[in-house]
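One structure is given below, encoded as structure tokens.
Each chain gets a letter, A, B and so on, in the order the sequences are listed, and its residues count up from 1. Because the structure is predicted, anything quoted here is derived from the model rather than measured.
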There are 2 protein chains.
Amino acid sequence: MKAWRSYIIASRRLLDALDADLAGHDLTMADYEVLAQLSDAPDRRMRMSELAKIAMVSKSRLSHRMKVMEKAGWVRREECESDKRGYFAVMTEKGWKAIVKAAPDHVDSVRNRFVDHLTVKDQEELAKIFDRVQSNLRDQYIAEDK
Amino acid sequence: MKAWRSYIIASRRLLDALDADLAGHDLTMADYEVLAQLSDAPDRRMRMSELAKIAMVSKSRLSHRMKVMEKAGWVRREECESDKRGYFAVMTEKGWKAIVKAAPDHVDSVRNRFVDHLTVKDQEELAKIFDRVQSNLRDQYIAEDK
DNA sequence: CTCATTTGGTTGAAAGTTGAATTAGTTGCC
DNA sequence: GGCAACTAATTCAACTTTCAACCAAATGAG
């Protein structure tokens, strides 16, 4: 439990530091994740639900954030022809520029704050550990049948 | 960066799962941390500022949460005789019971969701890694001279 | 076809969080 | 003692997140 506690603290500090580093680009980690995922999608457009799922935010939160980011001119919504309930989130040119500008700094920040302090072996070990944790979480989730 | 991404996702899922497990006790991880720290203090009382610091929450957030937990009857505030600006956060009997009741479940939950999926060697490795990360973060923080 | 159910997504209100401003009390220095 | 600088904690306003309610479209069983 002691190790656990210090893990919690360290990981929180890490996330906080990364968030602070991103603030210069008017982004939070959550928004960054949304934009990063969107920018990886074909044509940089994706259905709202899917984007919410892979960016790990709730549907309603995504709706709200999209409104903000839309106002900032980074994204836009387009209705879906084949399913009139649905919408696509589409990244604008401006949004693309913003994320392209932020990404290298963010990557640097991850390196500085984290990756550079790990040996290659550590990195592999860590990846393995969290893979295992995640797959167990998924199994538990399924077992709880939600 | 790929390993990093999957670390982020796994760790977020982990925290979410733990939070969900605590919800049955009407607690969030943050509140739990505050109460846990407070219950470790001598006489289960501590100055607000110190509590905020070691529980990793902002002073204003602690103020707000304390108001909520005070209403729930878990804590109470006492003014400090020697420094009239200051207050002590004091855990009530009811609060003590609440945390004593929640703790084993939480510990179980940490085990189930995380620790049990790690070998002893993994645990040591992880502790070492995050110790290093944290001490580097602290150094960077100091270097930034804040 | 039709009606109940499910799904995609939004909305508004309530709750939570943040950071700056504020209040009150303390300290150190001349 | 008097005053500037500092600290403890709370409050305020702006913003974000959550939760539940909602709407509209799609699905599917009878």
Worksheet item: Does a side-chain N-to-carboxylate-O contact under 4.0 Å join A:Lys121 and A:Glu124?
Response: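 Looking at A:Glu124 together with A:Lys121, the answer is no, because their closest N to O distance does not fall below 4.0 Å.
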Worksheet entry | Electrostatic pair A:Arg45-A:Asp43, nearest N-O below 4.0 angstrom |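 Between A:Asp43 and A:Arg45 there is no salt bridge, as every charged N stays at least 4.0 Å from the carboxylate O atoms.
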Roughly how many Å is it from [atom1] in [X] to [atom2] in [N], rounded to a whole number?
X: B:Asp31; N: C:dG16; atom1: CG; atom2: P; result: 9 Å
X: B:Lys84; N: D:dT10; atom1: NZ; atom2: P; result: 15 Å
X: A:Glu79; N: D:dA24; atom1: CD; atom2: P; result: 14 Å
X: A:Asp26; N: D:dT16; atom1: CG; atom2: C1'; result: 15 Å
X: B:Asp83; N: C:dT26; atom1: CG; atom2: P; result: 5 Å
X: A:Asp19; N: C:dG19; atom1: CG; atom2: P; result: 10 Å
X: A:Glu81; N: D:dA26; atom1: CD; atom2: P; result: 11 Å
X: A:Phe88; N: C:dG8; atom1: CZ; atom2: C1'; result: 12 Å

So if I take every side-chain heavy atom of [X] and compare against [options], which nucleotide ends up nearest?
X: A:Met48; options: D:dT17, C:dT10, D:dA26; result: C:dT10
X: B:Lys67; options: D:dA26, C:dG16, D:dT11; result: D:dT11
X: A:Arg65; options: C:dT17, D:dA9, D:dT16; result: D:dT16
X: B:Ser60; options: C:dT18, C:dT10, D:dA25; result: C:dT18
X: A:Tyr87; options: C:dG16, C:dT10, D:dA25; result: C:dT10
X: B:His64; options: D:dA20, C:dG16, D:dC12; result: D:dC12
X: A:Lys59; options: D:dT11, C:dG8, D:dA9; result: C:dG8

Worksheet item: Does A:Arg85 put a side-chain nitrogen or oxygen below 4.0 Å from OP1 or OP2 of C:dT7?
Response: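 No, because none of the side-chain N or O atoms of A:Arg85 sits under 4.0 Å from OP1 or OP2 of C:dT7.
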Worksheet item: Just to confirm, is there a sub-4.0 Å distance from OP1 or OP2 of D:dT7 to any side-chain nitrogen or oxygen of B:Arg47?
Response: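 Negative; the distance criterion is not met.
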Worksheet item: Taking for each residue the nucleotide of DNA chain D bearing the nearest heavy atom, is the 5' side occupied by B:Arg77 or by A:Ser58?
Response: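 Result of the comparison: B:Arg77.
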Fill in: same_hphob_cluster(A:Met48, A:Val68) at 4.5 Å side-chain heavy-atom cutoff
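No, it is not one cluster - the side chains of A:Met48 and A:Val68 are not joined through contacts under 4.5 Å.
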Item to complete: Decide whether A:His25 and A:Asp105 meet the rule of one side-chain donor and one side-chain acceptor closer than 3.5 Å.
Response: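 Note: A:His25 and A:Asp105 side chains meet the donor-acceptor criterion.
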Item to complete: Identify the two heavy atoms, one from B:Met56 and one from A:Arg12, that lie closest to each other, and give their separation to 0.1 Å.
Response: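 Taking B:Met56 first and A:Arg12 second, the nearest heavy atoms are O-NH1, 3.2 Å.
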